[in-house]
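Count residues from 1 along the sequence.
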Amino acid sequence: MNKTILVTGATSGFGKAIAEKFAANQSNIIITGRRKDALLALANALETKYTIKVLPLTFDVRNKKEVFTILSGLTDEWKNIDVLINNAGLALGRDSFENAAIDDWETMLDTNVKGMMYVTRAILPYLIAKQKGHIINIGSIAGKEVYQYGNGYCASKYAVDALSKSMRIDLLHHSIKVTAIHPGAAETEFSLVRFKGDAAKAAAVYEGYTPLYATDIADTVFYCTTLPEHVCINELTIMPTAQANANLFYKK
Ligand code: NDP
Ligand code: 8X3
């Protein structure tokens with residue numbers, strides 16, 4: 001395949017699986033995240049297993065200065081990015097609007113919305129120079145349907161949906177593809193983060209049905225990048241078979 005991919009949030013979950021999927025198909029990968037040890041371990045593992053090149057970049061997507069300094073300073077070897085996958089993100093809390101922690105709202109909006117905007121703006125000059133490229137934004141079913149106690153997280157993912165549409169319009173004349181992928185419930189570290197380390201609460205989210213796995217999302221992202229140059233999947237929702245919408249699960 002020999003593409004160059006940048007995936008944010010590669011220290012766990014979807015991002016890690018996406019990195020592995022592209023590495024297995026002989027792409028070189030830029031991986032990012034805040035946890036340096038996890039990032040370096042993944043870089044070593046992928047380089048050894050697949051004989052490809054991996055560039056691990058440790059930064060917080062909320063840190064505007066760091067995002068622009070690090071990503072604007074890529075060497076020629078790494079500037080030729082074909083696919084940017086905006087995946088880094090999180091939910092914090094699941095509380096009624098009047099009780100939700102305002103700090104949690106701010107962290108979600110700063111990460112899922114502003115972080116995605118910073119990273120995209122920092123990478124765009126490379127894609128515009130080529131008049132070619134593919135941006136894949138990981139949204140959520142929470143960005144398509146609001147559910148009870150979803151408030152701040154749903155708002156952040158509705159913003160990802162809006163920004164994906166906006167990018168598609170504004171970047172049309174640069175021939176840049178924009179795909180938004182909106183998953184339903186997937187078992188990753190997502191719920192552990194959302195419930196602030198409460199493993200029992202996190203595990204309960206996935207009880208009684210088979211959720212999506214990170215590899216399902218990685219396969220879907222990869223598929224979207226295999227289509228001919230004139231074909232773009234604008235958006236898709238991908239759900240566990242046991243989940244009909246944001247609220248309705250068939251649990252046994
Ligand atoms: P994980 O918690 O497993 O992974 C989240 C990743 O995002 C980690 O690599 C984490 O890295 C990174 N990240 C979080 N905050 C920051 C930050 N401030 N700066 C840089 N990196 C950050 O969850 P998922 O893999 O499930 O989530 C990936 C994306 O998918 C998110 O956008 C999430 O909202 C979305 N999603 C998840 C669903 C699910 O059910 N799991 C369903 C629909 C969408 P680190 O901590 O090292 O910084
Ligand atoms: C993650 C899926 O339903 O927990 O985005 O919001 S959900």
Side-chain angles (χ1 to χ4, degrees), residues 1-11 14-16 18-19 21-23 25 27-34 39 42-43 46 52-90 109-139 156-157 159-181 217-218 221-222 224-227 229 232-235:
M1 193 188 203
N2 281 322
K3 286 186 175 171
T4 300
I5 311 296
L6 190 159
V7 55
T8 64
T11 54
F14 298 168
K16 189 175 181 181
I18 290 166
K21 180 75 187 180
F22 280 96
N25 283 275
S27 287
N28 295 323
I29 331 266
I30 303 171
I31 54 175
T32 86
R34 290 166 300 176
L39 216 50
L42 180 64
L46 295 181
I52 46 120
K53 288 182 184 165
V54 181
L55 176 66
L57 298 175
T58 310
F59 61 86
D60 187 323
V61 296
R62 291 172 295 175
N63 187 326
K64 181 168 58 176
K65 194 163 175 241
E66 248 185 17
V67 169
F68 282 96
T69 304
I70 292 173
L71 295 180
S72 305
L74 293 180
T75 59
D76 286 345
E77 185 187 13
W78 287 102
K79 275 180 180 167
N80 191 25
I81 292 168
D82 297 291
V83 186
L84 163 64
I85 302 147
N86 283 311
N87 164 74
L90 79 173
L109 292 166
D110 286 348
T111 308
N112 302 353
V113 185
K114 288 163 69 180
M116 191 196 76
M117 294 168 87
Y118 299 157
V119 170
T120 307
R121 278 293 294 268
I123 294 302
L124 262 178
Y126 304 131
L127 307 186
I128 289 173
K130 296 196 296 180
Q131 290 291 290
K132 195 178 169 203
H134 195 166
I135 299 169
I136 300 184
N137 296 326
I138 305 298
S156 75
K157 290 299 184 177
V160 171
D161 189 33
L163 286 166
S164 302
K165 288 172 175 149
S166 178
M167 286 178 198
R168 196 173 302 116
I169 294 166
D170 292 351
L171 303 178
L172 180 65
H173 66 293
H174 295 301
S175 302
I176 293 170
K177 299 187 190 188
V178 180
T179 299
I181 295 180
I217 302 307
V221 167
F222 181 76
C224 291
T225 67
T226 60
L227 299 170
E229 202 50 53
C232 178
I233 293 182
N234 283 355
E235 64 174 58

Inset, instruction - Over all heavy atoms of both residues, which pair between Glu66 and Phe59 is shortest? Give the atoms and the distance, please. - result: OE1-CB, 3.3 Å

Legend entry - Nearest-0.5 Å distance that lies between atom CD1 in Ile123 and atom OH in Tyr118: 15.5 Å

Legend entry - Atom pair SG (Cys224) and CD1 (Ile181), whose distance is rounded to the nearest 0.5 Å: 4.0 Å

Legend entry - Sole candidate of Thr32, Ile138, Leu71, Leu57 that passes side-chain contact (heavy atoms from CB on, under 4.5 Å) when paired with Thr8: Thr32

Inset, instruction - State, to 0.1 Å, how close Trp78 and Lys53 come at their nearest heavy-atom pair, and which atoms those are. - result: CH2-O, 3.4 Å

Legend entry - Sole candidate of Thr120, Asn86, Asn112 that passes side chain to side chain donor-acceptor pair (under 3.5 Å) when paired with Asn137: Asn86

Legend entry - Point-to-point distance, once rounded to the nearest 0.5 Å, from CD1 of Ile81 to CG of Asn28: 11.5 Å

Inset, instruction - Answer yes or no: does atom NZ of Lys177 have more than 12 heavy-atom neighbours from other residues, nucleotides or ligands under 6.0 Å? - result: yes

Inset, instruction - Output, in order, the C-alpha distance, side-chain angles, deciding distance and verdict of side-chain contact (heavy atoms from CB on, under 4.5 Å) for Arg62 and Arg34. - result: CA-CA 11 Å; Arg62 291 172 295 175; Arg34 290 166 300 176; 3.7 Å; yes

Inset, instruction - Say whether, by atom type as modelled, one donor and one acceptor occur between the side chain of Arg168 and the main chain of Val178 under 3.5 angstrom. - result: yes

Legend entry - More than 12 heavy atoms from other groups under 6.0 Å of NZ on Lys79: yes

Inset, instruction - Could you tell me whether the side chain of Thr179 and the main chain of Ile233 form a donor-acceptor pair under 3.5 Å? - result: yes

Legend entry - Between CG on residue Leu39 and CG on residue Leu55, distance to nearest 0.5 Å: 9.0 Å

Inset, instruction - To the nearest 0.5 angstrom, please state how far the OG atom of Ser27 sits from the CG atom of Leu6. - result: 12.5 Å

Inset, instruction - Kindly give the heavy-atom pair with the smallest separation between Ala43 and Pro56, and that separation in Å. - result: CB-CG, 3.9 Å

Legend entry - Partner set under side-chain contact (heavy atoms from CB on, under 4.5 Å) for Ile128, not counting sequence neighbours: Leu124, Gln131, His174, Ile176

Legend entry - Polar side-chain atom of Ser166 near backbone of Ala162 as donor-acceptor pair, under 3.5 Å: no

Legend entry - Residue of the set Asp82, Leu74, Val83 for which side-chain contact (heavy atoms from CB on, under 4.5 Å) holds with Thr4: Asp82

Inset, instruction - Taking all heavy atoms of Gly9 and all of Asn87, pick out the closest pair and write down the distance. - result: O-ND2, 3.0 Å

Legend entry - Student check: side-chain heavy atoms of Lys21 and Val221 closer than 4.5 Å: no

Legend entry - Non-hydrogen atoms of Val61 and Val67 that approach each other most closely: O-CG2, 3.6 Å

Inset, instruction - Could you tell me whether the side chain of Glu235 reaches within less than 4.5 Å of the side chain of Asp161, counting heavy atoms only? - result: yes

Inset, instruction - Would you give the length of the straight line joining atom CD1 of Ile18 to atom CD1 of Ile31, rounded to the nearest 0.5 angstrom? - result: 12.5 Å

Legend entry - Matching residue for Phe22 among Leu46, Ile5, Val7 - test: side-chain contact (heavy atoms from CB on, under 4.5 Å): Ile5

Legend entry - Heavy-atom check, side chain of His134 versus side chain of Lys3, under 4.5 Å: no

Inset, instruction - Count the heavy atoms of every other residue, nucleotide or ligand shown that sit under 6.0 Å from NZ of Lys132, and state whether that count exceeds 12. - result: no

Inset, instruction - State, with a plain yes or no, whether a side-chain heavy atom of Leu171 is found less than 4.5 Å away from one of Ile135. - result: yes

Inset, instruction - State, without any angle test, whether Lys130 and Asn80 hold a side-chain donor-acceptor pair at a distance under 3.5 Å. - result: yes

